[in-house]
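Let me begin by presenting the structure, written as structure tokens, before commenting on it.
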Amino acid sequence: MAAPGVRSRSLAGLLPAQTSLEYALLDAVTQEEKSSLVYQYLQKVDGWEQDLSVPEFPEGLEWLNTEGPISVYKDLGGKVVILDFFTYCCINCIHLLPDLHALEHTYSDKDGLLIVGVHSAKFPNEKVLDNIKSAVLRYDITHPVVNDADASLWQELEVSCWPTVVILGPRGNMLFSLIGEGHKEKLFLYTSIALKYYKDRGQIRANEIGIKLYKDSLPPSPLLFPGKVTVDHLSKRLVIADTGHHRILVVWKNGQIQYSIGGPNPGRKDGIFSESTFNSPQGVAIMNNIIYVADTENHLIRKIDLEAEMVSTVAGIGIQGTDKEGGAKGEQQPISSPWDVILGSSGSEVQRDDILWIAMAGTHQIWALLLDCGRLPKKNDLKKGTCLRFAGSGNEENRNNAYPHKAGFAQPSGLSLASEDPWSCLFVADSESSTVRTVSLKDGAVKHLVGGERDPMNLFAFGDVDGVGISAKLQHPLGVTWDKKRNLLYVADSYNHKIKVVDPKTKQCTTLAGTGDASNVSSSFTESTFNEPGGLCIGENGELLYVADTNNHQIKVMDLETKTISVLPVFGSGNAVVDGPFLVEKVEKQTVPKLPKSAPAVQLPPVAASPGQTLQFQLRLDLPSGTKLTEGAPSCWFLTAEGNEWLLQGQVPSGEIENIANQPTISLQIPGNCLSPEAVISVSVFLYYCSADSSACMMKGVLFSQPLQISDAQQGCTAPVELKYAF
């Protein structure tokens, strides 16, 4: 059916009515009162003279998990529709997915509900369909997803934050919007009452939407996004976190599977192996036939007893915790997104492996679980089972400090241990600060090793540079492992698709293997490639390095003597399964993205210039109080000259804004051969920033227009043009 007349296409049209509703809900006590208020709100919104209608999906977009393109007005009429505006790198978007999964389990398309993910990329790499496919698989997204690469719908509705949820009625009429994460109660309340309201009026259709899951079209593979791998030094076995299959594999060194525990679907169940389930497990550690697992998306630490063939929970309560201190008994202590684990010893002289160190990515800290009575540095005696914070304030920072509780981490994701002197420390892959840090096992002091920069608030100091200490640059490293034989640390430099080696004595960081291309070649160290390797471990007395090559769905074996790389063939007891790479499409040439419709336009006074002269534009942008640039999202600027493209020949047309305290100067050299005496150069600026509590990410833009008056008269030195704007 055709789209009705529109009252407005912006989410701002909902704001007055929904704000009044939410204030009223604050005073409501019972669920009945809340439901009644929402029902009354829907009567009001549904009675508007014209619907606040959502635009149709543009033609030609790429779809996943469907039999074909979906139309808002042809296919979704008669449904309550949830539009989830997301981008797969956004941690807030990832935190919203469990709420959407729960909603899908409560209501189906037969009940009148459909969720559609509208992928609105932050930067060019996320516009590639194969990268979105990987995210759909990794996060087990089973509803339709559309790749709105140019953010057309985002801009039409003037969405400004990731994630943003828009709830539609059965006519494509916008009813509610929710910004950021943490709105599960409202999401369920608004959706359930909307379904009831429109069912009461006979406007809900029970037809099914053609769903065709992308994951069902894939060939079987023994591994899916393996996140971590570790060696059992007492036997010839490896333990693999087969993260995408939600299971733990114990395999012999030839690749034959001995145990497969959990999977293929996510869950949270203890018990015998055949009944136990995990949810996107990451870190694994093994000792004496006991495996400890960072069960990341269950927010648990699990214990696998290979002799009893039983799984139990030793820390966490199964929901995301916010406690940044801890101190309770493990199974009573809420924790948040544990990403890696490693065994160590307490203050006793004997090596007992009585502590499980935990990289607690969700609260940006290092925690400890006491496996026996013991003591942590600067701590009193602790009882067996105690789970508590060891280092990190909980603030997302790259802050080093002699006092462990005053230090700051930024999504620590990998751990290794050097218990021997002179090291006596934990090594930490601190992914969002793109650093490797050390935590002293003697006094808890947190120190820098390589990567990043000195400003503890700057989480944008990433790159791919071999060097010493702070001059070396990494990009989102997820794994580290200590080579006791050589006194060297190996690093999975994940987003650079490389394995690097660090000498902690000299702080020298060097590329060991990987060309930097995200592909799948197994050859010599210098010719081989990886695709976002997430974990690694040392084995065979320092002769081999095992790498979880996550996006290639393989375990790579690096021979440190011959400097060659091979693939570990993972297979069952009878039938071998060959693991092949996923092909990645080439990224199309980057185009200048469109600014949001709400972006202000700043008209600057004309500037006189002459051929050959270089003009400079100095960005002077101010963020709102209490906000910060979003980690991992490159804020950027672009030059355009509509109708006078000759101005841009030989220029640098774009760049990143990495630090709000040190903003770039943009240079423009007027060509010697000018085709017009008057022209306008435009500077489009995109800033991505987060609220103080990081509950929502925002994208804002501003357009500066600079008229140029070009003549042969020499202008001499011209002061830089300041591009000022306060968001």
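This one's a predicted model, so the numbers in the text were calculated from it and none came from an experiment. Any value given below was found using the heavy atoms of this structure, including those in side chains, with hydrogens, waters and symmetry copies removed.
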*Mind listing the closest non-hydrogen atom pair of S434 and A461 along with its distance?*
CB-O, 4.2 Å

*Should H143 and I141 count as side-chain neighbours, where that means a heavy-atom distance under 4.5 Å?*
yes

*Do the side chains of L478 and E532 get nearer than 4.5 Å, heavy atoms only?*
no

_Other residues, nucleotides and ligands only: do more than 12 of their heavy atoms fall within 6.0 Å of CH2 on W339?_
no

*Using the ring pair (Phe, Tyr, Trp, His ring centres under 6.0 Å) rule, take F686 and Y688 through it: C-alpha gap first, then chi angles, then the decisive distance, then the call.*
CA-CA 7 Å; F686 296 81; Y688 303 92; 7.2 Å; no

*Using a distance-only test with no angle check, is there a side-chain donor-acceptor pair under 3.5 angstrom linking Q320 and S337?*
no

*F176: ring pair (Phe, Tyr, Trp, His ring centres under 6.0 Å) partners, not counting sequence neighbours*: Y41, Y190

_Holding to side chain to side chain contact (heavy atoms under 4.5 Å, CB included), I want the full list of residues that pass it with K34, two or more places apart in sequence or in another chain._
L25, A28, Q31, E185, L189

_Side chain to side chain, Y39 and D200, heavy atoms closer than 4.5 Å_ = yes

*Which one of D109, L168, L113 satisfies the side-chain contact (heavy atoms from CB on, under 4.5 Å) criterion with K79?*
D109

_No-hydrogen, no-angle side-chain donor-acceptor test under 3.5 Å, N298 and D295_ = yes

*Looking at F86, Y139, W154, which hits ring-ring contact (aromatic ring centres under 6.0 Å, His included) with H119?*
F86

*To the nearest 0.5 Å, what is the distance between CD1 (I666) and CG (L639)?*
5.5 Å

*Would one find more than 12 heavy atoms of other residues, nucleotides or ligands at under 6.0 Å from atom CD of E642?*
no

_S336 to G321 - nearest heavy-atom pair and separation_ = CB-O, 3.3 Å

_Counting C-beta onward and ignoring hydrogens, is there a side-chain heavy-atom pair between N458 and N398 closer than 4.5 Å?_
no

*Aromatic rings Y495 and H476: how do their planes relate, parallel, tilted or perpendicular, breaks at 30° and 60°?*
parallel

_Can you give me the closest heavy-atom contact between D323 and T363, atom names plus distance?_
O-CG2, 4.2 Å

_For L175 versus A194, what's the shortest heavy-atom pair and its separation?_
CD1-CB, 4.2 Å

*For the pair V166 and V54, evaluate side-chain contact (heavy atoms from CB on, under 4.5 Å) and give the outcome as yes or no after the intermediate values.*
CA-CA 9 Å; V166 180; V54 72; 5.8 Å; no

*Are side-chain heavy atoms of P266 and T277 found at a separation under 4.5 Å?*
no

*Is any side-chain heavy atom of I657 less than 4.5 Å from a side-chain heavy atom of L621?*
yes

_Salt-bridge present (R171, D46; N to O < 4.0 Å)_ = yes

*Measure across I204 and D111 and return the closest heavy-atom pair with its distance rounded to 0.1 Å.*
CG2-O, 3.9 Å

_Any heavy-atom pair between the side chains of P334 and I319 that's under 4.5 Å?_
no

*asked:* So, taking the atom named CD in Q475 and the one named NE2 in H497, what distance separates them when rounded to the nearest 0.5 Å?
replied: 7.5 Å

*asked:* In the structure I gave you, are the side-chain heavy atoms of V116 and I82 within less than 4.5 Å of one another anywhere?
replied: no

*Between K324 and G394, what is the shortest heavy-atom contact and its length?*
NZ-O, 3.4 Å

*Between S36 and Q40, is any side-chain donor less than 3.5 angstrom from a side-chain acceptor?*
yes

